[in-house]
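Here the structure is laid out as structure tokens; the discussion comes afterwards.
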Number of protein chains: 4
Amino acid sequence: MTSKYNITNDILKTALETGSKAIPHGNVATYIPELAKADKNKLGICIFDKDGNKHFYGDCKERFTIQSISKVISLALALETCGFDKVFDKVGVEPSGEAFNSLIELDLNSNRPFNPMINSGAITISSLLLHKFSFLEMSDFAREICLDHDIEFNSVVYKSEMSHVSRNRAIAYLLESKGIIDTNVEASLELYTKMCSLDVTAESLANLGLVLALGGKNPTTGRQIISPKVAQIVKTIMLTCGMYDGSGEFAVHVGIPTKSGVGGGLLSVVDKEMGIGIYGPSLDEKGNCIAGRPMLEYLSNQLNLHIF
Amino acid sequence: MTSKYNITNDILKTALETGSKAIPHGNVATYIPELAKADKNKLGICIFDKDGNKHFYGDCKERFTIQSISKVISLALALETCGFDKVFDKVGVEPSGEAFNSLIELDLNSNRPFNPMINSGAITISSLLLHKFSFLEMSDFAREICLDHDIEFNSVVYKSEMSHVSRNRAIAYLLESKGIIDTNVEASLELYTKMCSLDVTAESLANLGLVLALGGKNPTTGRQIISPKVAQIVKTIMLTCGMYDGSGEFAVHVGIPTKSGVGGGLLSVVDKEMGIGIYGPSLDEKGNCIAGRPMLEYLSNQLNLHIF
Amino acid sequence: MTSKYNITNDILKTALETGSKAIPHGNVATYIPELAKADKNKLGICIFDKDGNKHFYGDCKERFTIQSISKVISLALALETCGFDKVFDKVGVEPSGEAFNSLIELDLNSNRPFNPMINSGAITISSLLLHKFSFLEMSDFAREICLDHDIEFNSVVYKSEMSHVSRNRAIAYLLESKGIIDTNVEASLELYTKMCSLDVTAESLANLGLVLALGGKNPTTGRQIISPKVAQIVKTIMLTCGMYDGSGEFAVHVGIPTKSGVGGGLLSVVDKEMGIGIYGPSLDEKGNCIAGRPMLEYLSNQLNLHIF
Amino acid sequence: MTSKYNITNDILKTALETGSKAIPHGNVATYIPELAKADKNKLGICIFDKDGNKHFYGDCKERFTIQSISKVISLALALETCGFDKVFDKVGVEPSGEAFNSLIELDLNSNRPFNPMINSGAITISSLLLHKFSFLEMSDFAREICLDHDIEFNSVVYKSEMSHVSRNRAIAYLLESKGIIDTNVEASLELYTKMCSLDVTAESLANLGLVLALGGKNPTTGRQIISPKVAQIVKTIMLTCGMYDGSGEFAVHVGIPTKSGVGGGLLSVVDKEMGIGIYGPSLDEKGNCIAGRPMLEYLSNQLNLHIF
């Protein structure tokens with residue numbers, strides 16, 4: 001089927017070459033031993049458009065842990081099942097101007113985490129979901145919304161993360177002390193970390209991106225996985241908060257709602273048009289795939305994908 | 001001429017009635033004596049669409065000072081004439097999570113203001129423009145981009161503001177001490193405050209909104225007032241930073257790039273489609289027109305104006 | 001034996017009456033259910049001077065939990081047994097300008113807690129002592145330095161505290177994440193909380209005060225319990241940091257090194273001369289015994305006890 | 001006349017040698033061009049004891065600007081003439097845990113500067129004195145309390161400072177915006193900076209130290225220059241706040257109330273006993289004379305001068 005976007009092999013090739021140049025300036029995540037084992041030169045991209053065309057280039061069948069991109073999935077599920085009021089009573093939607101694991105703003109300014117894309121917000125979302133879903137059910141939901149039945153739990157990465165989880169544990173207990181988490185703290189932390197340990201591919205992320213682009217609809221079956229309103233909220237929060245304290249800069253220069261994970265993944269949504277998944281474990285200083293920014297900026301300019 | 005949007009009188013009336021209910025919960029700006037004199041019950045809206053239709057409802061010919069909405073105009077002019085690198089070297093584009101007049105983040109985290117929509121950023125932009133333009137030239141530019149030749153300088157408000165300017169002056173000297181302002185501090189502060197003291201109407205703001213929606217083009221003459229790229233950047237920054245520390249919430253629930261001013265004005269841009277100007281001097285706690293939020297949320301839902 | 005200070009019954013009576021007037025303006029600690037049960041009208045003072053005279057007035061045989069005054073005992077033991085370098089490598093000695101349970105300064109400014117009198121510092125001290133002492137040995141040391149063999153562990157208060165310990169637990173895990181605590185976090189937290197749960201009297205505190213005043217010497221046996229240098233350091237830190245973010249004001253107007261606990265206790269040291277213990281569970285906003293300040297200010301003026 | 005302290009030439013010589021070793025690790029103040037001209041190898045000490053003995057060693061007749069040590073003089077004068085309530089209503093007495101020129105704590109935590117030894121506090125004190133004294137009268141007072149009629153105003157340093165005063169000016173306008181300064185801001189800033197530009201010697205500072213040690217009394221005439229209560233307050237604040245965010249560490253390890261200035265001066269008070277003045281323009285990272293700390297620590301240990 002044809003698309004209004006002419007996504008040729010040449011464009012993908014150039015995108016990858018553009019991204020590759022940035023790889024040496026970044027590094028794999030080192031704070032967790034298992035993540036440090038990734039091959040920093042891997043790079044792959046998958047684009048899935050609304051007309052059903054799927055474009056691959058590079059290492060896009062490689063499995064890696066989803067990490068913070070799981071925040072998008074958990075947020076969608078929480079909005080869908082807990083109600084907007086309950087979610088927004090516990091977590092705000094403001095960009096924070098601080099790094100992903102900041103405690104300061106939480107302690108200083110507010111009685112709720114700034115947004116669900118930083119750790120404090122995502123752990124709070126997990127504490128809400130704890131009432132309703134087991135981890136098995138949540139990973140089933142991840143498989144459904146990513147249109148990928150092969151997503152598995154990576155127990156090796158999970159264990160490695162749980163043995164370096166002090167800062168997130170500090171955040172979780174601070175949330176409890178402020179009455180924001182009122183369920184089991186350790187179970188909330190575990191659920192959050194387990195969701196981060198799901199193994200995806202660039203293709204899974206492209207799929208998820210397209211589902212969001214289509215307002216929550218499965219592109220094949222037409223089934224509404226999440227409501228259009230939930231998809232709208234999720235896309236907006238990805239745009240304003242998805243790249244941590246680099247979100248504003250990314251919105252200006254790329255203009256595509258995107259969420260990163262320290263496993264090297266990037267999930268991008270071109271609204272109503274396509275989903276883009278990228279894998280590249282070499283990270284910039286803020287913890288985002290370093291090749292992704294130039295790749296997406298190139299595609300945004302080339303294909304006119306900026307929101308404005 | 002017909003538009004794809006059916007902006008009927010009924011819709012505007014309902015929008016105004018929806019907004020009116022919020023008025024009693026807000027207050028006019030009191031920190032500057034002249035602003036405190038406004039009639040808090042005034043409310044008006046003007047919509048100007050790309051097909052040339054202009055819709056009015058309520059007090060939309062009333063003059064009021066543009067205040068912080070001038071930040072949009074100055075930013076556009078700086079980007080157009082100083083170059084992106086020079087501007088972004090001095091001012092970032094990250095939402096700040098802090099109030100409009102915060103000194104803390106500036107002193108703590110950074111060697112440049114977070115973005116051009118908070119006072120520190122806007123004063124810095126003024127210091128850049130000081131090299132190139134007189135205030136007369138800048139107000140001419142404001143008249144041009146607002147398609148309103150009747151915009152005048154309100155010297156009474158200006159004097160009132162300059163006699164309550166200590167906090168902005170503190171910000172300006174802090175910027176000098178950090179080497180961010182390297183031109184005349186007092187002149188930068190004056191230029192900034194003068195630009196805030198231009199008298200506009202809801203109609204002027206609707207005009208400006210349409211110019212931005214059309215990528216910088218005058219809707220009548222087709223002349224490019226600012227480049228499409230500059231318009232794109234300005235719209236993105238309005239979306240992520242335009243409502244101060246309430247920007248994220250506004251983006252999620254309204255989804256229309258908007259900039260507020262404590263004079264009671266709101267400038268909104270529905271990309272490629274229309275500009276919306278609102279006047280209502282009753283403000284919420286964050287200094288935004290309190291009626292504007294429910295009005296724009298109503299219009300966004302009714303006419304499907306959300307970016308996503 | 002006579003003393004150069006004429007501590008008459010009248011002076012103590014007036015001190016108590018002065019303090020009593022403040023009681024209604026304060027409240028017992030409410031954040032821990034067991035502490036909330038205290039009788040807020042209790043008030044007692046004990047003074048033990050270097051000549052062996054012990055003066056009592058009011059409720060000074062009443063048992064109450066030592067709470068933060070245990071920080072003085074643990075600090076003394078750590079300095080005595082771990083070495084100054086090891087202790088000061090992990091904990092600073094700067095007043096913090098922040099409340100006792102602040103996370104902000106710890107996360108923001110420093111790679112070690114500001115001082116051992118705030119919770120983060122005291123939990124770190126506990127983590128150092130964990131290597132060397134059991135809780136039984138530490139409570140034995142408390143009995144020895146307080147010259148009070150009847151000090152017991154209050155397990156009811158301990159359990160009550162441990163079920164409201166989220167904030168301290170957050171602090172402890174933040175310390176682990178920064179590499180400041182490198183022993184067992186939960187055990188450090190438990191040891192800290194157990195030490196806070198020792199039951200003392202105003203008399204025990206007066207005894208401890210005199211031991212510190214005499215440079216660490218048991219006033220009866222002459223045995224050196226801690227070295228003069230350790231006593232000197234402890235007294236200085238009590239002066240600059242003992243009353244949290246009210247320490248400076250207390251030093252200026254009272255001028256007697258003092259440490260407070262939310263159980264209602266106050267430990268004061270008039271160097272080379274006497275120890276003063278006060279019990280009064282009605283607390284001011286900063287968590288200090290509200291009657292203690294006017295009592296000690298009265299005594300300081302009356303008996304000329306100010307350091308300068 | 002003999003003193004209980006045996007201040008021999010050997011002790012002073014060793015003190016100087018001890019201090020000299022630190023000089024290469026420091027640097028002269030560079031933020032003001034005139035101060036950068038100082039000879040960093042200069043070092044001198046003067047001790048003036050209560051028995052009338054004056055001991056000199058090294059460069060103690062050298063003139064240098066008093067800088068922040070003037071904060072002590074201005075505070076004494078304000079307490080003496082404005083009343084304690086008025087002064088403490090405007091300025092606190094808490095150590096701040098922040099650097100001398102911090103804006104953050106002022107903006108964040110408080111409606112008054114933390115203490116009169118940081119710039120915000122000292123500029124506020126100047127704004128109070130502006131009502132009552134001309135700069136000529138204030139410099140007369142400085143001459144009187146320093147027992148030094150040759151103290152002159154250094155207009156070259158003053159001008160150099162006034163051309164690099166942006167940060168202090170930012171602080172001053174922030175104080176105005178918070179209603180803390182309610183007199184002329186520029187005049188307050190000038191008065192503050194002029195007082196910093198008085199030329200003193202190590203001997204002037206030793207004199208001032210002795211006056212404070214003697215409770216405000218001129219050691220020769222017996223005249224009470226300031227009241228004993230004012231001297232007591234000043235000494236306490238010097239102890240807790242005199243060395244900026246290094247005050248706690250200095251109190252613990254040296255235990256002598258001391259105030260530093262970036263001109264290289266140190267004013268120390270051994271209560272009831274002696275004043276010590278030091279000159280050494282090589283500064284440590286916190287802006288304190290780098291040789292002073294080891295010199296005073298040596299003297300404190302050798303002569304037993306610690307407060308405890």
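Not measured: the values here are computed from a predicted model. Below, chains carry the letters A, B, ... as their sequence lines are ordered, and counting in each starts from 1.
If you tally non-hydrogen atom pairs under 4.5 Å between each of Ile237(D), Thr240(D), Val252(D) and chain C, the highest count goes to Val252(D). Of all the listed residues (Leu239(C), Leu212(C), Val269(C)), the one sharing the greatest number of non-hydrogen pairs under 4.5 Å with chain D is Leu239(C).
Here the straight-line distance linking atom CZ of Phe250(D) with atom OG1 of Thr236(C) works out to 12.5 Å at 0.5 Å rounding.
Counting heavy atoms of neighbouring residues, nucleotides and ligands inside a 6.0 Å radius, atom NZ of Lys86(D) does not exceed 12 of them.
Here the closest heavy-atom approach between residue Pro95(C) and residue Gly248(D) is recorded as CD-CA, 3.9 Å. The minimum heavy-atom distance linking Asp271(C) with Phe308(D) is given by the pair OD2-CA, 3.3 Å.
The aromatic ring centres of Phe84(D) and His253(C) sit 6.0 Å or more apart.
No donor-acceptor pair closer than 3.5 Å links the side chain of Glu249(C) to the backbone N or O of Glu94(D).
For Pro257(C), the part lying under 4.5 angstrom from a heavy atom of chain D is the side chain only.
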